[in-house]
Protein chains: 2
Amino acid sequence: MEQAAVVDLTAVVVAVTQDQPRVLVTPGQGRASAADRRMARAELGSAALDALPSGPLEHRHRTLEAGLRAWVEAQTGTRLDYVEQLYTFGDRDRMSSGPGRSRVLSIGYLALAQEAGSALAGDALWHDWYRYFPWEDWRRGRPAVLDRVEKPLRRWAGAGDTRAERTARKERAIVAFGLDGTAWSDERVLERYELLYEIGLVAEARRDGLAGEGRAVDALQEGQPMAADHRRILATAIARLRGKIKYRPVVFELMPAGFTLLQLQRAVEALAGVRLHKQNFRRLVEQQGLVEETGHIITATGGRPAREVRFREEVVLERLAPGLRLPIARASE
Amino acid sequence: MEQAAVVDLTAVVVAVTQDQPRVLVTPGQGRASAADRRMARAELGSAALDALPSGPLEHRHRTLEAGLRAWVEAQTGTRLDYVEQLYTFGDRDRMSSGPGRSRVLSIGYLALAQEAGSALAGDALWHDWYRYFPWEDWRRGRPAVLDRVEKPLRRWAGAGDTRAERTARKERAIVAFGLDGTAWSDERVLERYELLYEIGLVAEARRDGLAGEGRAVDALQEGQPMAADHRRILATAIARLRGKIKYRPVVFELMPAGFTLLQLQRAVEALAGVRLHKQNFRRLVEQQGLVEETGHIITATGGRPAREVRFREEVVLERLAPGLRLPIARASE
DNA sequence: CCTCGTAATGCTCAAAATGAGTATAGGAGA
DNA sequence: TCTCCTATACTCATTTTGAGCATTACGAGG
C-alpha cells in the first residue's frame with residue numbers, strides 16, 4: 001500500500017556575476033545515474049551532462065533544508081545563505097527508473113549566493129543559466145532560437161486530434177511564447193520548457209522516451225540539456241525568482257555589500273532577461289528607500305562616477321509589514 | 001544511507017459559502033494517528049480533532065496530484081478542479097513518530113472548490129477556517145484573541161538570552177502581529193502560527209512536546225487544533241491564497257457561474273480577512289475587464305437589485321500574457 | 001587643453017491608477 | 001407612501017507609471 005519513496009534534494013544556487021545570471025553545476029559524469037549515462041551515450045555523444053548539486057535525504061538530516069545545505073556544501077564547497085523551497089516533483093514515470101523500483105521524489109530548492117568569495121570544491125562551477133534556456137534572454141532583443149522554435153510549435157498546435165484540442169494547444173503556445181502579438185511574459189519559464197519538452201524540442205524529451213504523444217521527436221534540440229530533471233527544476237527556479245524580485249527585495253542577496261544603481265539594474269535585468277528603463281528604475285529604487293549611500297564614489301564606471309549604495313536592512317521590516325497595501329482596494333482580481 | 005520516506009498527501013480544499021471561507025475536514029477520530037488520539041485524550045479531553053483529507057502516496061498514483069485527488073475523492077466524495085502544490089514538510093522530529101521509524105514527508109496542496117453542489121461522502125464537512133485561526137479575521141475589526149496573545153508574545157520576546165536574541169524576537173513578533181503601530185499583514189498567516197507554536201500558545205505545541213524552548217507551555221490554547229500538522233498546512237494554504245488573489249483571478253474558482261459584484265467582494269473579504277472599499281473594488285474589477293454582465297438581474301439583494309455578472313474566461317489569456325507589465329520599470333525592489 | 005564616449009543624475013510631463021467620498025436609483029417591507 | 005438597504009454613478013485630489021530631455025563628470029585620445 002504505502003509506498004516508500006527515495007527523496008532527492010536538489011539545489012538551484014544562483015549568483016549574478018558580470019551581468020550574467022549563473023547557476024552552480026557539477027559536470028554530470030561523476031554523479032550521473034545510469035539513465036543519465038545511457039542518455040549521454042545514446043543521444044548526446046559522450047558529452048557529460050551538467051547537474052545541479054543534489055543528494056538523497058538521509059536520516060541524519062534533521063530538516064529537508066539542512067539536508068540540502070549539507071549536500072551543496074559537500075559537493076561544491078559553498079555554504080548557503082538564502083534558501084527557499086521550490087517544488088516537489090514526483091511523477092511515477094518521468095524520473096524514476098523502471099517499474100518495481102521505488103519512486104523518486106525530488107524536492108527542488110532555490111538558493112541565492114554570490115560568486116565572488118565562493119571557493120568552489122571539486123569540479124563544481126558556475127554557468128550562465130541562459131546556456132540552458134537561450135530563449136529566455138531578451139536583453140538584446142528577441143532571441144533567435146524563437147524563430148527556429150515557432151514553426152514546430154505551430155505544427156504541434158495544428159496537429160491536435162479534435163478541434164477543441166487544437167484550440168487549446170494554440171492558446172497554450174501563444175500564451176507561453178508570446179506569438180501573434182501577444183506579449184512575452186518573463187515568468188512563464190516553466191511553461192515554456194514543459195511545452196518544448198512535450199513537443200520534443202529539448203534533448204531530455206528524447207531521453208525520457210516521450211511515448212505519450214507518439215509523435216516523432218523533432219530534430220531540434222534547443223538549449224543545453226541537464227542530468228535527470230534538473231533543467232525542469234532550474235526552470236522552476238528561474239520562474240520563481242523572476243516573479244519574486246518584483247515584490248520582495250531579494251536581488252540584494254545577490255549583490256556585494258556596496259554597489260552602484262546601474263550594477264543593481266544590470267543584476268535585475270540579468271535575472272528577468274529584459275532591459276529596464278534606467279531613470280525609472282532608479283527612481284523606483286530610491287523613492288522606495290531600498291538603498292542608502294555609503295558615501296563612496298565609484299569611478300570605474302566608464303562614464304561619470306557613481307555613488308556607491310548599500311541595501312537598507314530596515315526595509316525588511318518596513319516593507320514586509322505594510323504588505324497589506326492592497327486589501328483595502330486592490331485585493332480583487 | 002538513503003532513507004526511504006513515507007509520503008503523505010494532504011489537501012486544503014477551500015470554498016466560500018455565505019461569506020465565510022471554508023475548508024473541507026473530516027473529524028479526526030476515524031483517521032487519527034496514535035499520536036493524535038493520545039493528544040486528544042491527554043490535552044483536549046476526548047474531543048476529536050479535525051483533519052484535512054489526506055492519505056499516503058501509493059504506487060498506483062501516477063503523479064502526486066493524481067494521488068491527492070484520489071484520496072480527497074475517496075474520503076470526501078469531492079472531485080477537485082483547481083489544484084496547486086503548496087509545500088513539502090519533512091522535519092525529522094516534528095511529525096514523524098519515534099526514532100527508528102521512517103521519516104514522514106507531507107506534501108500539502110491547495111484546492112479551490114464550491115460548496116454548493118458538492119455531495120459530501122462519509123463524515124466529511126465544511127468548516128469555517130477562522131475556527132482554527134480566530135486571529136486572522138479582521139472583517140469586524142481587530143479580533144479579541146489578539147489582546148490575549150499580545151502579553152505572552154511580549155514576554156517571550158523579552159525572555160531571549162542575549163540582547164541580539166531579544167531584539168530579533170521582538171522584531172519577529174512586531175512584524176508578524178502588527179504590534180506597536182506596525183500594519184497588520186494579511187499574508188503572514190504561517191509566520192503567526194509558527195510563532196504561536198513556538199511560544200506554546202497553540203495546542204499542537206503542547207502535544208508535540210516543544211522540548212526545544214524548554215519553556216513552560218502557556219495555558220492559553222488559541223484556535224481549534226487539528227490533527228498532525230494539518231493546521232500548519234492550512235496556514236500555508238491561507239497565506240498562499242491571500243497572496244494569490246491579489247494578482248491572479250483565482251477567486252472565480254470559488255464563485256458560482258453567475259454572481260453579483262458584492263458577492264464577489266464578500267468572497268474576497270472572507271479570504272483576505274479584511275473589509276474592502278466597495279466603490280473602488282467594483283471599479284477595479286470592472287475596469288480590468290474581469291467580468292461581464294449576464295443580463296440577469298438579482299433582486300434578492302436586500303436593497304436595489306443588482307446586475308448579475310460572470311467571469312470572463314478570456315482574461316486568463318489576456319491577463320496572464322501581459323504579465324510582463326513590471327519589467328520595464330517596476331522590476332526592481 | 002579640448003573633444004568624445006559613456007554614464008550618472010536631475011527634472012518634466014502626460015497618462016494611469018489609487019484612495020475617499022458624495023449623490024442618486026430601485027426593490028422589499030412596514 | 002415612507003424607510004431601509006444595497007446597487008450604481010460620478011468626482012476629486014493624490015500618487016504612481018511610462019517616456020523622455022537636458023546636464024554633469026571622468027577617462028582616453030589627440
Side-chain angles (χ1 to χ4, degrees), chain A residues 18-19 139 183 186 246-247 258-269 272 274-310 319 322-333, chain B residues 18-19 139 183 246-247 258-269 272 274-310 318-319 322-333:
Chain A
Q18 290 169 229
D19 304 343
R139 286 176 296 173
D186 66 328
K246 288 169 196 155
Y247 63 94
F259 48 88
T260 69
L261 289 178
L262 185 60
Q263 276 165 23
L264 181 63
Q265 182 183 339
R266 293 288 179 239
V268 174
E269 291 176 332
V274 290
R275 290 204 141 286
L276 305 179
H277 183 283
K278 188 164 170 176
Q279 294 84 352
N280 291 347
F281 176 82
R282 32 174 74 227
R283 173 174 64 185
L284 200 72
V285 173
E286 286 177 323
Q287 123 211 123
Q288 298 207 120
L290 294 174
V291 299
E292 60 191 0
E293 294 186 37
T294 62
H296 297 156
I297 297 293
I298 305 295
T299 53
T301 60
R304 172 174 171 175
R307 295 168 302 149
E308 186 189 60
V309 298
R310 63 169 156 250
R319 208 131 262 302
L324 192 70
R325 163 196 176 196
L326 336 118
I328 306 192
R330 200 189 204 177
S332 78
E333 294 221 36
Chain B
Q18 292 169 230
D19 303 342
R139 286 175 296 173
K246 288 169 196 153
Y247 62 95
F259 49 88
T260 70
L261 289 178
L262 185 60
Q263 277 166 21
L264 180 64
Q265 183 183 338
R266 293 289 179 237
V268 174
E269 290 177 333
V274 290
R275 289 204 141 286
L276 305 179
H277 184 283
K278 189 163 167 175
Q279 295 82 349
N280 291 348
F281 176 83
R282 34 175 70 232
R283 174 174 63 187
L284 200 72
V285 174
E286 287 177 321
Q287 122 210 126
Q288 299 206 118
L290 294 173
V291 300
E292 62 191 358
E293 294 185 37
T294 62
H296 298 157
I297 296 294
I298 305 294
T299 53
T301 60
R304 171 174 169 177
R307 296 168 302 149
E308 186 188 62
V309 298
R310 64 169 156 249
E318 299 168 3
R319 211 129 262 297
L324 193 70
R325 162 200 177 195
L326 336 118
I328 305 192
R330 200 189 204 178
S332 78
E333 294 220 36

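- Put simply, CG on A:D19 is 11 Å from P on C:dA7, counting in whole angstrom units.
- When rounded to the nearest whole Å, the span between NE2 of A:H277 and P of C:dA8 equals 14 Å.
- Qualifying salt bridge (charged side-chain N to carboxylate O under 4.0 Å, His left out) partners for A:R139, counting only residues two or more places apart in sequence or in other chains: A:D137.
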Subject >> nucleotides 25-30 of chain C: protein proximity per nucleotide (B base, S sugar-phosphate only, - neither; heavy atom, under 4.0 Å) >> reply: BBS---
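- Here the C1' atom of nucleotide D:dT8 and the CD1 atom of B:I297 are 11 Å apart, to the nearest Å.
- If you take NE2 on A:H277 and CZ on A:R283, they are separated by 8.0 Å, rounding to the nearest 0.5 Å.
- The side chain of B:R282 lies closest to D:dT8, out of D:dT8, C:dA8, C:dT18.
- Interatomic distance, B:R275 CZ to B:R266 CZ, rounded to the nearest 0.5 Å: 4.5 Å.
- In the helix from C:dC1-D:dG30 to C:dA30-D:dT1, the end axes, each obtained as the rotation axis mapping the C1' atoms of four pairs onto the next four within a five-pair block, lie 10° apart to the nearest 10 degrees.
- Rounded to the nearest 0.5 angstrom, A:R310 CZ and A:H296 NE2 are separated by 8.5 Å.
- Atom pair A:Q265:CD and C:dT9:P shows a separation of 12 Å (rounding to whole Å applied).
- Distances from the side chain of A:R283 to the nucleotides C:dG19, D:dT17, C:dA7 place D:dT17 closest.
- Closest approach to the A:Q287 side chain among C:dT9, D:dT6, D:dT17 is made by D:dT17 (side chain taken as heavy atoms from C-beta onward).
- The structure places CG of A:L284 at 11.0 Å from CD of A:Q265, a figure rounded to the nearest 0.5 Å.
- Counting only distance, with no hydrogens or angles, the side chain of B:T299 and the backbone of B:P305 share no donor-acceptor pair below 3.5 Å.
- Distance CD (A:Q288) to P (D:dT15): 16 Å, rounded to an integer number of Å.
- Not a single donor-acceptor pair, N or O on each side, falls under 3.5 Å between the base of D:dT17 and the side chain of A:Q279.
- Residue A:N280 has its side chain nearest to D:dG18 when only D:dG18, C:dT9, C:dG21 are considered.
- B:K278 has a side-chain polar atom (N or O) that falls below the 4.0 Å cut-off from OP1 or OP2 of D:dA7.
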**OP:** Carefully, step by step, assess B:V285 and B:R282 under the rule side chain to side chain contact (heavy atoms under 4.5 Å, CB included).
**Re:** CA-CA 5 Å; B:V285 174; B:R282 34 175 70 232; 5.6 Å; no
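- B:L261 places its CG atom 6 Å from the P atom of D:dT8, with the value rounded to the nearest Å.
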Original post:
Where do B:F259 and B:I298 land on the side chain to side chain contact (heavy atoms under 4.5 Å, CB included) test, with the steps shown first?
Top reply: CA-CA 8 Å; B:F259 49 88; B:I298 305 294; over 6 Å; no
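- Computed from coordinates, the A:R275 CZ to D:dA19 P distance equals 16 Å when rounded to whole Å.
- Distance CD/B:E293 to CG/B:L261: 9.0 Å, rounded to 0.5 Å.
- Of the side-chain N and O atoms in B:R307, one or more sit less than 4.0 angstrom from OP1 or OP2 of D:dT8.
- Note that CD1 of B:I297 is 9.0 Å distant from CZ of B:R304, once rounded to the nearest 0.5 Å.
- Taking atom CD1 of residue A:I298 and atom C1' of nucleotide D:dG27, one finds them 16 Å apart after rounding to whole Å.
- Nearest to the side chain of B:L262, among C:dT9, C:dT12, D:dT6, sits D:dT6.
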